[in-house]
2 protein chains.
Amino acid sequence: MTVTIKDIAKAVGVNPSTVSRVINGTASISEETKEKILQVMKELDYHPNSLARSLVNGSTFTIGLVIDAGNKDAFSNAFFIQSVIAIESVAQSKGYSVLITNHSLSDSSNIKNLVQERKVDGIILPVQCMTGELIDLMTSSDFPFVVMGEPQEKRSDISWVDVDNEQGSRQAVECLIKSGYKSPMLLVENRNTIFESKRIKGFEDECKAQKIKTSGIHTFSEEKIEMLIDEIQKKERDTDSFICSNNVIAFKVLKAIKARKISVPKQIGVITFDNYPLAEYMEPALSVVDVDTYKMGETAAELLLRSIRGKEKKIKSRLVDAAIIERESTKRKTK
Amino acid sequence: MTVTIKDIAKAVGVNPSTVSRVINGTASISEETKEKILQVMKELDYHPNSLARSLVNGSTFTIGLVIDAGNKDAFSNAFFIQSVIAIESVAQSKGYSVLITNHSLSDSSNIKNLVQERKVDGIILPVQCMTGELIDLMTSSDFPFVVMGEPQEKRSDISWVDVDNEQGSRQAVECLIKSGYKSPMLLVENRNTIFESKRIKGFEDECKAQKIKTSGIHTFSEEKIEMLIDEIQKKERDTDSFICSNNVIAFKVLKAIKARKISVPKQIGVITFDNYPLAEYMEPALSVVDVDTYKMGETAAELLLRSIRGKEKKIKSRLVDAAIIERESTKRKTK
DNA sequence: ATAGGCAATGCAAACGTTTGCATTGCCAAA
DNA sequence: TTTGGCAATGCAAACGTTTGCATTGCCTAT
């Protein structure tokens with residue numbers, strides 16, 4: 001049926017082991033036989049069976065990628081697919097395949113299955129999955145894995161990749177200042193998440209460095225926004241720009257501002273984290289702190305593969321730079 | 001190291017084949033030994049090695065999923081992830097794993113690799129991938145595969161899943177009529193694609209059925225839209241609503257209309273294909289023809305697995321219903 | 001001329017399963 | 001009492017590779 005190494009061997013009149021050695025370049029073989037073997041391989045359209053291979057050498061050349069199916073947030077999903085593509089891409093370039101699995105918080109059996117039965121060589125998983133049981137499971141063995149997103153609790157035995165939220169936040173402030181805004185406000189969703197706290201720190205640091213008096217940090221809610229903007233309109237506060245921690249906040253802010261006939265970017269500037277594809281179609285087109293999710297995936301995959309292949313014991317984590325994409329919503333100055 | 005079937009056998013004092021039979025329930029085993037074996041399996045935390053298994057029984061219980069990495073369109077990507085999740089979900093429920101690979105139009109080596117070396121049992125691939133070489137490759141053998149999206153050329157030997165564009169288009173018309181609009185126009189991107197032609201047909205059929213005089217079908221371009229809307233404003237045409245073939249068209253139309261201070265939905269109604277997550281945050285919130293991409297993935301996976309398992313020779317294709325989500329942009333009547 | 005070394009290859013076991021066939025009892029039917 | 005059948009299990013080959021060890025020549029240094 002399918003042609004095996006034995007068929008090649010028989011056709012050439014040589015031992016299977018010789019064919020194997022030619023394929024893997026794992027011993028010196030005479031030019032003559034090598035060529036004959038290669039030719040027959042081509043003629044019979046031979047392809048090595050990776051199963052048999054894996055069975056003997058104990059490595060499947062496969063990595064597991066768990067995706068957070070529970071996450072109905074279309075926003076993060078849209079981003080995530082770029083990471084998936086990136087991961088597959090670097091994996092493939094090193095000869096690895098990618099096995100995906102959904103993860104439900106309730107049980108981790110599918111992840112275990114990847115490791116224990118499918119024998120993947122390593123795993124990439126989103127930080128949302130790193131709940132109690134799974135953390136123990138992963139860190140207790142020295143099984144290679146990389147987390148997408150910085151874990152809440154600081155642990156030295158977890159290797160992760162995340163965007164540099166602190167730097168992104170600093171850049172957002174810088175962008176506003178450069179455009180002539182003087183009193184930015186940071187709107188966050190939940191101060192307790194790690195990425196929000198980083199953004200807060202970046203915001204505070206950069207404002208201090210730029211020696212400006214900020215309008216502070218506020219937790220977003222629709223009512224609060226209405227109130228704040230009313231105050232701005234009545235000149236009761238001198239806030240002149242918002243940094244929004246995600247696109248939905250930005251849309252709502254924009255809506256509230258426009259409802260009051262206040263001009264963006266002339267009177268108020270708006271910049272937001274997350275470059276959701278439609279952001280550029282908004283009116284005005286939204287300036288954003290862009291996260292290169294492709295790069296994140298790429299980095300995660302590289303980290304994982306290095307850990308798998310090199311058996312590096314030192315666990316590394318990495319921050320990926322955020323980048324400002326300046327559109328209309330912050331263009332106060334006409335340069 | 002890892003515990004194998006032999007370890008179990010030795011511990012119980014029985015032959016490995018007996019253990020295997022217990023695991024697979026493939027022969028009658030005395031209650032007594034069966035229980036002893038199951039217990040030892042639990043004690044030693046045994047997990048079958050799927051590689052060895054696959055090697056002998058010739059099936060990997062793995063399906064390949066190819067994703068179109070070349071597709072930089074964030075819109076379709078955002079949708080696609082839901083299909084991925086669905087596919088993995090049904091696969092898992094039947095004991096299958098999912099191996100993903102990117103596909104570049106230039107060569108199909110990575111897809112071949114899945115089949116020839118990784119030995120997947122079947123493949124799901126987006127219609128964009130079905131170019132010449134690959135069509136031949138897939139249809140020449142009787143290897144199970146399902147295409148996401150209806151192929152351009154009608155072939156009876158290709159099994160595919162797509163959304164019912166014709167029905168979606170009819171529903172869009174119906175929605176507009178019900179809201180009191182009288183003369184809808186369909187805006188498409190490229191008449192030659194199969195899905196556009198279906199939408200055109202659905203549009204024409206429903207308009208005929210409803211006995212209304214349509215404003216026809218137009219290929220979208222920014223200039224043409226400006227012109228058309230100018231004409232509407234000058235009462236030179238009685239078009240009172242647009243069905244847009246994708247979200248970007250809809251945004252541009254909305255923008256052009258609003259720039260002329262024409263009211264949506266009062267004067268002009270707008271409905272669009274593709275429920276891009278932000279559509280509901282637009283002003284006014286966009287009514288859409290929603291495609292259940294999760295359902296599409298689910299259907300594709302079910303089709304594929306049935307073909308793999310049942311070895312059904314009859315190739316089936318399926319249409320998934322589209323559904324209208326009525327938001328603000330078509331609410332002319334206040335019911 | 002002889003020993004030692006190395007290049008080129010063969011042999012067979014191993015990876016962890018499954019499965020067809022053979023074997024062993026035991027029980028019921030004749 | 002013999003025979004036939006069936007339930008319960010063992011034996012060994014097979015799946016397609018890789019790899020340590022053994023073997024065969026041949027070449028070179030002594």
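Bear in mind that the values here come from a model prediction, so they are computed numbers and not experimental data. Any value given below was found using the heavy atoms of this structure, including those in side chains, with hydrogens, waters and symmetry copies removed. Every chain is numbered from 1 and lettered A, B, ... according to where its sequence line falls, protein lines coming before strand lines.
Between the CZ atom of R21(B) and the P atom of dG10(D) there is a distance of 9 Å, given to the nearest Å. If you take NZ of K119(A) and P of dT17(D), they are 21 Å apart, rounded to a whole angstrom. In this entry the distance linking CD1 of I5(B) with C1' of dG10(D) reads 14 Å, nearest Å. Here dC15(D) presents its P atom at 10 Å from CG of D7(A), a figure rounded to the nearest Å. Rounding to whole angstrom units, CD1 of residue I29(B) and C1' of dT19(C) are separated by 13 Å. The NZ-P distance, from K10(A) to dC11(C), rounds to 14 Å in whole Å. The distance from atom NZ of K6(A) to atom C1' of dG16(D) is 7 Å, rounded to the nearest whole Å. To the nearest angstrom, P of dG16(C) lies 15 Å from CD of Q116(A).
Residue V14(B) has its side chain nearest to dT9(D) when only dT17(C), dG16(D), dT9(D) are considered. For T18(A), the side-chain atoms get nearest to dT9(C) when compared with the rest of dT9(C), dG16(D), dT17(C). The side chain of L55(A) has dG16(D) as its nearest neighbour among dG16(D), dT17(C), dT18(D). When distances are taken from the side chain of T2(A) to each of dG16(D), dA8(D), dC15(C), the shortest belongs to dG16(D). Nearest to the side chain of N15(A), among dT9(D), dA12(C), dT18(C), sits dA12(C). Here the side chain of S28(A) is nearest to one of dT9(D), dT9(C), dA8(C), namely dA8(C).
Of the residues near DNA chain D, A27(B) and S20(A), the one whose nearest nucleotide (by heavy atom distance) lies more toward the 5' end is A27(B).
S54(B) has no side-chain polar atom (N or O) that falls below the 4.0 Å cut-off from OP1 or OP2 of dC15(D). Under 4.0 angstrom from either OP1 or OP2 of dT18(C) there lies at least one side-chain N or O belonging to N24(B). A sub-4.0 Å separation between OP1 or OP2 of dT18(D) and a side-chain N or O of S17(A) is absent.
Between the N24(A) side chain and the T26(A) main chain, no donor and acceptor come within less than 3.5 Å of each other. Remark: the backbone N or O of K316(B) is paired with a side-chain donor or acceptor of S159(B) at under 3.5 angstrom.
Using a 4.5 Å cut-off on side-chain heavy atoms (C-beta onward), L134(B) and L125(B) make contact.
Considering I123(B), L305(B), L99(B) as possible partners of I63(B), the one that fulfils the side chain to side chain contact (heavy atoms under 4.5 Å, CB included) test is L305(B).
Among the heavy atoms of the strands lying under 4.0 Å from T33(B) are primed sugar atoms or P, OP1, OP2 only; no base atom is included.
A salt bridge links E133(A) to K112(A): one of the charged nitrogens lies within less than 4.0 Å of a carboxylate oxygen.
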